[in-house]
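These numbers come from a predicted model, not from an experiment. Only heavy atoms go into these numbers, but all of them, side chains included; no hydrogens, no water, no symmetry mates.
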Amino acid sequence: MSDLTPELLLQGYAFGIFPMAEHRDDPEIFWVDPEHRGILPLDGFHISRSLARAMRRSPFTVRINSDFDAVVAACADRAETWINAEITQLYTALHARSKAHSFEIWDGEELVGGVYGVTLGAAFFGESMFSRRSNASKMALAGLVDHLNRAGFQLFDTQFLTAHLASLGAIEISRRAYHTRLAQATSQHASFTSVEVLPLHEVVQRMTQTS
C-alpha cells in the first residue's frame, strides 16, 4: 500500500477495514478485513471483584490526550509489533485532526498504561494498549468503556478477540453483523472530548451500580 493518507485511513475504517504492518521495520502496510470481528459491548464490560478492588484503592490518575505520542510509542515498544513508522505518523496526523485519541493511566507524572484509537461518528476503533503496572491496561479499558458510554458512543471495535479482552467482556461477531453495527454507529455523532474523565473509584462505582 502506498500514498496512504489520514483521509484514506478514515475511509478504510468507514468501510470496515484497518491497516497493519508485519512488524515495525517493514515499510509495507496492508488492509485487514477479518471474517470475525472483536468488539467490546459498551454495556457488557466485565469488572471482576479483584479489579474493582484494585481500582478503588489505586493511586493512579486518568487523563485523555495529554501525551498521545507517548501512548503510541509505548504500544509499539514490544518485541513484536505491527506499528511501524508510517503508521505512527498517520495516527499522529489523525490525532492532530481530533480523529484519534488516547486514554491514559498515570502514576504521578509517569505514564503507566493506556489505549489509543480512532473515532468516526459514534464508533471508537481501538488500536492498541499497553501496561507498565499491574492491572493498568484493564483499568484503562474500564475507564474508556465508561467514558465512551457517557460521551454517547455506540460501538467499541477491538479488531480481534484475545483471551485478555474476552475476560473483560469482549465478544466476536461476524463480518456482516459488524458492518451492520458499524453503519449504525458511524451515522450518529459522538465526541470523545465532550465529557470529563472520571477518577477510577468513580468508574468502579458507576459500573458496579449498573452491573
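Ring planes of Phe125 and Tyr13: tilted class, angle from 30 to 60°.
By the 4.0 Å N-to-carboxylate-O rule, Arg63 lies close enough to Glu109 to be salt-bridged with it. For the pair Arg132 and Glu110, the salt-bridge criterion is not met [side-chain N within less than 4.0 Å of a carboxylate O].
Qualifying salt bridge (charged side-chain N to carboxylate O under 4.0 Å, His left out) partners for Glu7, counting only residues two or more places apart in sequence or in other chains: Arg97. Here Phe60 pairs with nothing under the ring-ring contact (aromatic ring centres under 6.0 Å, His included) rule; sequence neighbours left out. Residues satisfying the side chain to side chain contact (heavy atoms under 4.5 Å, CB included) test with Ile171, not counting sequence neighbours, are Ile39, Pro41, Ile173. Judged as a side-chain hydrogen bond (donor to acceptor under 3.5 Å, both in side chains), and not counting sequence neighbours, Glu80 has no contacts. Under the ring-ring contact (aromatic ring centres under 6.0 Å, His included) criterion, Tyr116 pairs with Phe68, Tyr91, not counting sequence neighbours.
Glu104 and Ser66 share a side-chain donor-acceptor pair at under 3.5 Å.
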Task: ring-ring contact (aromatic ring centres under 6.0 Å, His included) evaluation trace for Phe192 with His147 - done: CA-CA 8 Å; Phe192 191 84; His147 189 85; 4.8 Å; yes
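Taking NE2 from His23 and CD1 from Ile83, the interatomic distance works out to 14.0 Å, rounded to the nearest 0.5 Å. Rounding to the nearest 0.5 Å places CD of Glu35 at 9.0 Å from OG of Ser174.
Heavy-atom contacts from other residues, nucleotides or ligands closer than 6.0 Å to CZ of Phe160 number more than 12.
In this structure, Leu144 is a member of the same hydrophobic cluster as Leu198, with clusters built from ILVMFWY side-chain heavy atoms closer than 4.5 Å. Tracing side-chain contacts under 4.5 Å through hydrophobic residues (I, L, V, M, F, W, Y), one reaches Ile29 starting from Leu9; they form part of the same cluster.
Summarising the geometry of Ser58 relative to Leu200, their closest heavy-atom pair is OG-CD1, 3.9 Å, with the distance given to 0.1 Å. Across all their heavy atoms, Met139 and Met55 have their closest contact at CG-CG, 3.5 Å.
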Indicate every side-chain donor-acceptor pair of residues 70-79 with a distance under 3.5 Å to a residue at least two apart or in another chain.
| from | atom 1 | to | atom 2 | distance (Å) |
| --- | --- | --- | --- | --- |
| Arg78 | NE | Cys75 | O | 2.7 |
| Arg78 | NH2 | Cys75 | O | 3.1 |
| Arg78 | NH2 | Met129 | O | 2.8 |

